[in-house]
Amino acid sequence: MRKLMWLTLGFGLACALCAYWLEKGTVLALAAFAWAVCLTIRQRRLSRLGLLVWGLAAGCSWFSLFHMWFLSPVISLDGNQKPAVIFAQDYSTPTKYGSSVSGRMEYEGKSYAVYAYLDGDQEVCPGDTISGTFRFRVTVPGGEEEATYHRGDGVFLLAYQVDEVTRTPCQNPSWREYPAVLRKEAGKLLQETFPEDTSPFAKALLLGNTEDLDYKTDTNLKISGIRHVAAVSGLHVSILFALLSFATFRKPFLTALLGFPLLLLFAATAGFTPSVNRACIMSGLMLLAQLFRKEYDGPTALSFAALCMLIVNPLVITSVGFQLSAGSVAGIYCFSPAIRKWLYDLLPKAKGWRGKLVRWFVASVSISLGALVFTTPLCAMYFGTVSLIGVVTNLLTLWMIGGIFYGILAVCLVGQIFMPGASALAKILALPIRLVLFLADILADVPLSAVYTRSCYVTAWLVFVYVLLIFFLLGKNRKPALLAGCACLGLCIALLASWAEPLLYSTGITVLDVGQGQCIVLQCKGKTFLVDCGGDSDTRTADMAAQTLLSQGISRLDGLILTHTDADHAGAVENFLSRIAADVLILPPVPIETAVSADTELLFAAENLELSFEGGKITVYRGITEEKSNENSLCVLFETENCAILITGDRGSFGEQMLLRNADMPDVDILIAGHHGSKNSTSEALLQTVRPEIVCISAGRDNPYGHPAPELLNRLEDFGCQIYRTDLQGDIIIRR
């Protein structure tokens with residue numbers, strides 16, 4: 001049956017190629033089929049390579065058919081406005097501009113999952129019908145805009161409300177709405193019974209609902225390497241399966257009788273996420289193996305689960321959850337046995353309770369290390385973080401997670417009968433939850449608990465480690481200690497290079513690609529300042545800024561300056577300050593709620609301010625009035641021995657004229673275009689006065705404001721400025 005593994009590997013590779021690089025895989029499918037036939041005829045049997053190629057051919061063919069039959073109709077909807085009827089499948093959730101809800105709609109005789117964005121605070125319940133005119137956007141390649149992550153979850157359409165919509169409440173809820181109702185009621189019960197500091201983690205552990213986790217806690221879980229416990233995955237299914245086996249006394253028929261509906265209900269309650277689907281299919285195969293007294297083969301079960309999911313939705317290969325889930329299990333199957341054997345040989349032999357402790361330690365470490373082999377590069381690519389302390393954190397905390405999970409289930413069951421009893425049990429469970437969160441907090445604060453791929457040197461180190469691993473696996477005389485030693489030495493070199501690089505230059509500026517917002521790092525001879533911290537996503541912006549600084553060994557800023565308090569300039573400040581403190585926080589003289597540490601000096605720039613340091617100075621120019629408006633943005637002039645940088649916030653031409661009238665501005669080397677490249681900012685008067693060599697524009701891709709404006713770009717070209725744009729080039733890094 002291991003042949004299925006090679007067939008699935010080829011099938012998945014074909015789906016990945018078509019999903020990421022090819023709209024249709026017809027040509028590739030024909031080529032793969034021809035090659036597969038030649039290999040089969042030549043070898044007269046299906047070798048591993050032959051199965052791989054046959055899987056590649058089948059995957060390309062299936063993707064082409066799926067695209068033609070199922071995706072092409074919705075691609076034709078992209079960018080169009082049409083009346084539609086959407087059947088809600090969940091409760092609506094609030095957004096910045098209204099609310100959103102998941103549902104389904106019929107189009108050309110097919111049913112499609114859709115995510116609808118509604119205006120206002122409309123409360124939608126499962127089973128409700130929403131009728132109206134919507135503007136549609138497809139989430140798959142082939143549309144006018146970039147593909148989105150929704151396609152991995154099987155959601156191929158986004159619907160945006162255009163005119164008034166009509167909501168028809170559901171009169172007779174069906175069984176399809178029950179999982180969503182159960183999920184909401186369970187979340188509500190956990191919110192009521194658990195203490196405030198532990199209820200978000202309880203909901204995340206049982207339901208995968210991480211919306212209530214604060215940024216600091218979520219970041220601690222990521223850095224410490226146990227973020228997977230807060231996202232319903234195979235770990236939770238395995239815990240549930242163990243409980244089921246214990247409750248049925250491991251009787252195969254009784255376990256299967258109760259197991260299949262329980263797995264289906266759990267998957268539905270968790271929202272049929274790819275990671276849960278994978279785990280439930282594998283658990284179902286284990287039930288069948290026990291029922292028919294057959295041997296259960298893990299790699300074959302994983303291959304079967306992945307193949308089923310790829311057939312249902314070939315684009316599931318793009319799901320981060322699916323990749324991490326399948327990668328962790330594949331790593332455990334491939335590498336954990338060898339790691340376990342090496343650790344047994346390395347550790348002294350023991351009997352009794354010491355022997356049990358050694359076996360537990362070896363099993364835990366080998367499973368954690370095996371899972372990390374394939375998930376580490378995925379976490380580095382998607383989250384920019386490589387946890388170095390994850391094995392330790394898993395060792396200290398995972399033994400508690402099963403008991404906490406069972407306790408949360410008990411709270412939900414007792415809460416249906418006796419709420420005071422559920423509250424008492426929840427207060428007891430809060431103790432181990434606090435311990436888990438405390439350990440995650442402590443370990444996340446350990447120096448070098450994680451490294452970040454915002455540093456090109458760390459990225460190079462990670463590539464180096466995997467090249468070493470490949471040579472290690474191909475070699476005959478394997479020495480794990482030598483592999484670990486080379487990896488540690490490479491990491492030390494990468495970190496030294498990352499920390500030393502900013503010190504080699506007199507002046508540095510980094511304009512981070514935060515989308516439609518602004519976040520700028522200014523550096524001079526060991527001094528580091530941040531100007532603004534806001535963008536499309538507060539979480540992503542805070543992560544980018546913190547990881548950029550931490551990758552350079554900077555854990556505290558000399559100063560943080562906010563030009564004004566709009567969300568696209570200041571929305572991520574609170575999250576950022578929870579990770580990196582600042583000596584001075586300079587704000588415009590308007591009311592603002594920002595949590596700062598006691599050792600941070602808070603300054604409101606009602607007058608011009610000047611901060612001097614070795615090698616240069618920063619001048620902060622106050623706004624025109626104390627009102628909250630773009631024209632009152634603070635302006636920042638950063639002057640060093642060999643460079644002058646001007647930042648004008650969101651000021652328009654009037655605000656720029658007032659700046660020139662009230663201050664004697666020098667020629668500057670670098671100018672940050674005002675208001676993200678608006679046509680009314682970075683005026684001709686400002687350009688004539690400061691005469692910048694380089695102009696940097698911080699703007700989001702496909703933003704609705706049309707930034708940067710063609711008028712501005714023409715103006716900059718007339719002045720002979722070099723233009724750099726975050727929407728085209730990503731992060732802008734200039735060193736002098």
Criterion side-chain contact (heavy atoms from CB on, under 4.5 Å) on Asp568 and Gln518, from CA distance to verdict: CA-CA 7 Å; Asp568 60 339; Gln518 184 165 281; over 6 Å; no
If you apply the rule side-chain contact (heavy atoms from CB on, under 4.5 Å), what do you find for Leu378 with Val320, and how did you get there? CA-CA 8 Å; Leu378 292 173; Val320 179; over 6 Å; no
Verify side-chain contact (heavy atoms from CB on, under 4.5 Å) between Met544 and Cys519, making sure each step is shown before the conclusion. CA-CA 9 Å; Met544 290 180 67; Cys519 188; over 6 Å; no
Please walk me through it: do Arg735 and Glu501 pass salt bridge (Lys or Arg N to Asp or Glu O under 4.0 Å)? CA-CA 10 Å; Arg735 300 285 186 261; Glu501 190 264 344; 3.5 Å; yes
What's the verdict on side-chain contact (heavy atoms from CB on, under 4.5 Å) for Val436 and Ile226, showing C-alpha distance, side-chain angles and the deciding distance? CA-CA 10 Å; Val436 170; Ile226 57 170; 4.1 Å; yes
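A 4.5 Å side-chain heavy-atom check between Leu687 and Leu716 finds at least one atom pair inside the cut-off. Taking 4.5 Å as the limit, every side-chain heavy atom of Arg736 sits out of range of all side-chain heavy atoms of Ile509. Between Phe136 and Val138 there is no side-chain heavy-atom pair separated by less than 4.5 Å. Residues Leu448 and Leu495 form a side-chain contact, since some pair of their non-hydrogen atoms from C-beta on lies under 4.5 Å apart. A 4.5 Å side-chain heavy-atom check between Phe194 and Ile433 finds at least one atom pair inside the cut-off. Counting only heavy atoms from C-beta outward, the side chains of Leu221 and Leu213 approach each other to under 4.5 Å. For the pair Ile223/Arg579, a side-chain contact is recorded, criterion being any heavy-atom separation below 4.5 Å from C-beta on. Taking 4.5 Å as the limit, some side-chain heavy atom of Pro692 sits within range of a side-chain heavy atom of Val668.
In the model, Ser455 has a side-chain atom that pairs as donor or acceptor with a side-chain atom of Ser498 under 3.5 Å. No side-chain donor-acceptor contact under 3.5 Å links Ser224 and Thr393. In summary, the side chains of Asp532 and Thr563 do present a donor paired with an acceptor at a separation below 3.5 Å, with no hydrogens or angles considered. If you check the side chains of Arg454 and Thr548, you find a donor sitting under 3.5 Å from an acceptor.
Sorted by first then second residue, the ring-ring contact (aromatic ring centres under 6.0 Å, His included) pairs that include residues 525-549, not counting sequence neighbours, are Phe529-Phe613. Each ring-ring contact (aromatic ring centres under 6.0 Å, His included) pair with one or both residues in residues 682-712, not counting sequence neighbours, appears once here: His675-His707, Tyr705-His707. Sequence neighbours left out, the pairs with a member in residues 554-573 that pass ring-ring contact (aromatic ring centres under 6.0 Å, His included) are His564-His569, His569-His676.
Enclosure of atom NZ in Lys525 by more than 12 non-hydrogen atoms of other residues, nucleotides or ligands within 6.0 angstrom is indicated. Heavy atoms from other residues, nucleotides or ligands lying under 6.0 Å from CD of Gln688 number more than 12. Counting non-hydrogen atoms of other residues, nucleotides and ligands closer than 6.0 Å to CZ of Phe719 gives a total above 12.
Among Val514, Ile697, Asp513, Asp731, the single residue meeting the side chain to side chain contact (heavy atoms under 4.5 Å, CB included) criterion with Thr726 is Asp513. Each of Val521, Leu549, Val584, Asp583 was compared with Leu557 under the side chain to side chain contact (heavy atoms under 4.5 Å, CB included) criterion, and only Leu549 meets it. Of the residues Thr539, Asn220, Asp543, Asp538, the one that meets the side chain to side chain donor-acceptor pair (under 3.5 Å) test with Tyr215 is Asp543. Each of Thr619, Asp669, Ile670, Leu686 was evaluated against Leu646; a single residue qualifies, Leu686, per the side chain to side chain contact (heavy atoms under 4.5 Å, CB included) test.
Using a 30° and 60° split on the angle between ring planes, Tyr115 and Tyr117 fall in the perpendicular class, above 60°.
The minimum heavy-atom distance between Ser681 and Asp650, with the atom names listed, is OG-O, 4.5 Å. Contact between Leu462 and Pro377 at its shortest, heavy atoms only, is CD2-CA, 4.5 Å. Shown here for Cys533 and Leu562, the closest heavy-atom pair between the two residues is N-CD2, 4.2 Å. Counting all heavy atoms, side chain and backbone alike, Gly655 lies closest to Glu631 at N-OE1, 2.8 Å. Of all non-hydrogen atoms in Leu205 and Val229, the two that sit nearest each other are CD1-O, 3.2 Å. Contact detail for Asp445 and Lys216: the closest heavy-atom pair is OD1-NZ, 4.1 Å.
For Ser199 (side chain) and Gln191 (main-chain N/O), no donor-acceptor pair under 3.5 Å exists by modelled atom type. A donor-acceptor pair is defined here as one N or O able to donate and one able to accept, closer than 3.5 Å; such a pair exists between the side chain of Glu656 and the backbone of Ser683. A donor-acceptor pair under 3.5 Å links the side-chain atoms of Arg715 to the main chain of Thr682, judged by distance alone. Under the 3.5 Å distance criterion, the side-chain polar atoms of Gln161 are left unmatched by any main-chain donor or acceptor of Leu118. Here the side chain of Lys679 pairs no donor or acceptor atom with the backbone of Glu711 at under 3.5 angstrom. Within the 3.5 Å criterion, the main-chain N or O of Val155 finds a donor-acceptor partner in the side chain of Thr139. Remark: the backbone N or O of Ala204 is not paired with any side-chain donor or acceptor of Thr210 at under 3.5 angstrom. Side chain of Asn608 to main chain of Tyr621: no donor-acceptor pair is present (N/O by atom type, distance under 3.5 Å, no hydrogens or angles). A donor-acceptor pair under 3.5 Å is absent between the side-chain atoms of Asp119 and the main chain of Gly98, judged by distance alone. In this structure, Ser387 contributes its side chain and Gly390 its backbone to a donor-acceptor pair below 3.5 Å.
A distance of 5.0 Å separates CZ in Arg661 from CE in Met658, rounded to the nearest 0.5 Å. Separating the CG atom in Asn575 from the OG1 atom in Thr219 is a distance of 7.5 Å, to the nearest 0.5 Å. Remark: Ile645 CD1 to Ile734 CD1 distance equals 7.5 Å, nearest 0.5 Å. Atom CD of Glu196 sits about 10.5 Å away from atom CG of Asp212, to the nearest 0.5 Å. Here the straight-line distance linking atom OG1 of Thr385 with atom NZ of Lys222 works out to 7.5 Å at 0.5 Å rounding. With rounding to the nearest 0.5 angstrom, the CG atom of Leu560 is 6.5 Å from the CZ atom of Phe576.
Checked for salt-bridge contact, Asp727 and Arg725 meet the test: a charged N lies under 4.0 Å from a carboxylate O. Using a cutoff of 4.0 Å between basic side-chain nitrogens and carboxylate oxygens, Lys184 and Glu123 are not scored as salt-bridged.
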